[in-house]
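Have a look at the structure below before the remarks.
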Number of protein chains: 2
Amino acid sequence: MPGHHSARGRRTTERKGDVRERAILDTCEALLTHKGYDAMTVGDIAQGAGITRGALYFYFGSKQEVVTALVARTVEHLWERSRVTAQTDEPRQAIAAAMQRTVELWNEHGPVLRTAIDLSLTVPEIGELWMHTADLFIAAITAVLEHAGIQAGAAPDQASAMARALCWMIERTFYHASQESREKLQEASATCEHIWLTSAGLIT
Amino acid sequence: MPGHHSARGRRTTERKGDVRERAILDTCEALLTHKGYDAMTVGDIAQGAGITRGALYFYFGSKQEVVTALVARTVEHLWERSRVTAQTDEPRQAIAAAMQRTVELWNEHGPVLRTAIDLSLTVPEIGELWMHTADLFIAAITAVLEHAGIQAGAAPDQASAMARALCWMIERTFYHASQESREKLQEASATCEHIWLTSAGLIT
DNA sequence: GATAAAAATCGACACGGTGTAGGCTTTTGC
DNA sequence: GCAAAAGCCTACACCGTGTCGATTTTTATC
């Protein structure tokens with residue numbers, strides 16, 4: 001009985017492997033949270049997912065591939081959300097909304113995002129993924145800045161360059177704050193928002 | 001003939017091991033530059049320094065210890081410089097000077113600094129070192145902000161919190177720009193300086 | 001400049017994690 | 001029910017790490 005009358009909308013036909021694959025990624029995220037990337041061994045992941053090392057290599061070619069898939073899964077979430085978010089015309093609102101969404105993502109998946117950042121240099125695939133994410137962010141910030149009256153362009157005091165720096169500020173600030181607590185994250189977010197607003201000329 | 005009339009001021013008595021130790025660190029920095037941390041093996045370092053793996057373990061207990069020592073050496077440079085730099089009273093000058101010094105350090109030791117950042121999470125000793133460096137920086141930024149009229153305090157729109165966010169902005173922006181080219185670094189520095197000035201209320 | 005202690009070096013080894021290979025078992029679709 | 005595909009496992013080979021004990025070289029002292 002494959003994809004029969006599954007009540008759900010889609011065609012289903014969910015292979016057993018699909019479940020396992022999710023289990024592997026879930027386990028990986030949990031391990032990343034509690035042990036960190038280096039300490040996490042392929043055997044650990046397999047064990048957590050209820051299979052042996054050998055079986056895991058049926059799904060993923062290496063530890064790095066597992067993590068890459070996990071990062072992809074997490075980041076796609078973000079892409080979805082950012083695509084949905086209609087651009088509010090009011091800069092202040094747009095900024096507040098963007099920051100709030102980002103806080104939520106970091107609250108939910110902080111360890112994965114931190115790992116992604118750490119591995120960006122050494123694992124090209126992850127670097128790719130993260131760069132793309134950053135570019136989305138930078139584009140969004142650039143739009144807001146220009147909308148707020150900052151001159152478009154790539155010179156150091158123009159929208160594009162400033163957006164890039166602000167993006168890195170947010171990334172790094174969240175990276176650290178998300179290690180501490182949700183409260184710290186919220187505070188850090190407020191600080192970033194304030195600097196963003198100031199840079200946009202929306203605060204005296 | 002140990003430390004005889006060595007023309008130099010100090011007591012000399014430089015052991016052979018001191019030279020080797022330096023050679024190891026120099027090799028490590030070169031390898032970090034050309035291969036990156038993960039690809040770099042203890043054997044590589046030893047070979048580059050003209051000894052065998054076994055001998056290297058006489059100097060350092062592990063690959064991580066080698067890198068930690070290298071980071072320490074590099075960061076101490078920075079501490080020196082920042083201690084020397086008398087605090088100019090004029091905020092604009094202070095900011096420009098700080099940025100320039102930072103650019104130089106990243107130009108000279110970009111790969112080491114990037115590695116230090118990458119390993120901050122996983123190697124506590126390096127995390128320690130880097131945190132201390134960041135704290136110096138944050139204190140300096142805080143001082144400038146307060147001097148420029150930003151209210152002291154840790155609330156999101158007060159000097160201390162803002163300084164922290166600005167520090168991370170600079171760290172991350174330099175991290176990326178230093179991978180590209182000296183020109184990019186210089187531009188990135190200008191952008192960070194502009195945002196810093198704006199946040200300090202020194203630019204309309 | 002002989003000598004004994006300290007410093008430096010080496011080769012061999014044990015361990016642990018990775019990734020691969022070949023064969024067995026379960027699912028899946030007809 | 002039955003092939004083919006998918007899933008799974010054990011065993012193995014490889015590589016990098018870090019340790020050990022024996023040996024050689026430096027260093028300081030007489």
Side-chain angles (χ1 to χ4, degrees), chain A residues 1-6 10-28 31-32 34-70 115 119 122-123 125-126, chain B residues 1-6 10-28 31-32 34-70 115 119 122-123 125-126:
Chain A
M1 315 104 182
H4 208 26
H5 60 341
S6 72
R10 279 278 156 247
R11 186 150 292 298
T12 67
T13 320
E14 181 164 63
R15 296 220 175 295
K16 187 183 176 194
D18 296 337
V19 181
R20 270 288 141 78
E21 197 164 318
R22 232 177 305 132
I24 292 173
L25 295 187
D26 290 344
T27 303
C28 181
L31 288 171
L32 241 31
H34 296 111
K35 302 186 64 170
Y37 180 79
D38 286 339
M40 174 183 74
T41 175
V42 174
D44 292 337
I45 305 176
Q47 187 172 15
I51 53 179
T52 59
R53 270 170 20 82
L56 188 144
Y57 278 102
F58 172 76
Y59 294 96
F60 298 98
S62 70
K63 182 179 169 183
Q64 294 192 342
E65 269 190 32
V66 177
V67 176
T68 301
L70 176 59
T115 306
L119 297 182
T122 36
V123 185
E125 304 241 332
I126 294 182
Chain B
M1 315 101 183
H4 207 26
H5 60 341
S6 72
R10 281 276 154 248
R11 185 153 291 298
T12 69
T13 319
E14 180 165 63
R15 294 220 175 297
K16 186 185 176 193
D18 296 338
V19 180
R20 270 285 141 81
E21 196 165 318
R22 235 177 303 132
I24 292 173
L25 295 187
D26 290 343
T27 303
C28 180
L31 288 171
L32 240 32
H34 296 113
K35 303 185 64 168
Y37 180 79
D38 286 339
M40 173 183 73
T41 176
V42 173
D44 292 337
I45 305 176
Q47 187 173 13
I51 52 179
T52 58
R53 272 168 22 79
L56 189 144
Y57 278 102
F58 172 77
Y59 293 97
F60 299 98
S62 71
K63 182 179 169 183
Q64 294 192 343
E65 268 189 32
V66 176
V67 176
T68 302
L70 176 60
T115 306
L119 298 182
T122 37
V123 185
E125 303 242 331
I126 293 183

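Values below: all heavy atoms of this structure, side chains included; hydrogens, waters and symmetry mates excluded. Lettering of chains follows the sequences in order, A, B, ..., and the numbering in each one begins at 1.
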Residue pair Tyr37(A) / Gln64(A), side-chain heavy-atom distance below 4.5 Å: yes
Within residues 45-53 of chain B, residues whose heavy atoms come under 4.0 Å of DNA chain D: Arg53(B)
Which residue lies more 5' along DNA chain D, comparing Leu56(A) with Gly61(B) via nearest heavy atoms: Leu56(A)
Minimum side-chain heavy-atom gap Thr115(B)-Ile126(B) below 4.5 Å: no
Non-hydrogen side-chain atoms of Leu25(A) and Phe60(A) separated by less than 4.5 Å: yes
Any Thr41(A) side-chain N or O less than 4.0 Å from OP1/OP2 of dT18(C): yes
Taking every non-hydrogen atom, the tightest pair across Ala55(A) and Ile51(A): CB-CB, 3.9 Å
Thr68(A) side chain near Val123(A) side chain, heavy-atom distance below 4.5 Å: yes
Report each atom pair, protein N/O against N/O of nucleotides 3-7 of chain D, whose distance is under 3.5 angstrom.
| unit_1 | atom_1 | unit_2 | atom_2 | d |
| --- | --- | --- | --- | --- |
| dG7(D) | OP1 | Gly17(A) | N | 3.0 |

Nearest-Å distance for atom pair NZ/P, residues Lys63(B) and dC15(D): 16 Å
Val66(B) side chain reached by Leu56(B) side chain, heavy atoms, under 4.5 Å: yes
Value in whole Å for how far the P atom of dA8(C) lies from CZ of Phe60(B): 12 Å
Nucleotide dC15(D), atom P - distance to CG of Asp38(B) in whole Å: 18 Å
Euclidean distance, atom CD1 of residue Ile24(B) to atom C1' of dA7(C) [Å, nearest integer]: 14 Å
Under 3.5 Å donor-acceptor, Lys63(B) side chain and Met40(B) backbone: yes
Nucleotide dT9(C), atom P - distance to CD of Glu21(B) in whole Å: 11 Å
Non-neighbouring partners of Lys35(B) that pass salt bridge (charged side-chain N to carboxylate O under 4.0 Å, His left out), sequence neighbours left out: Asp44(B)
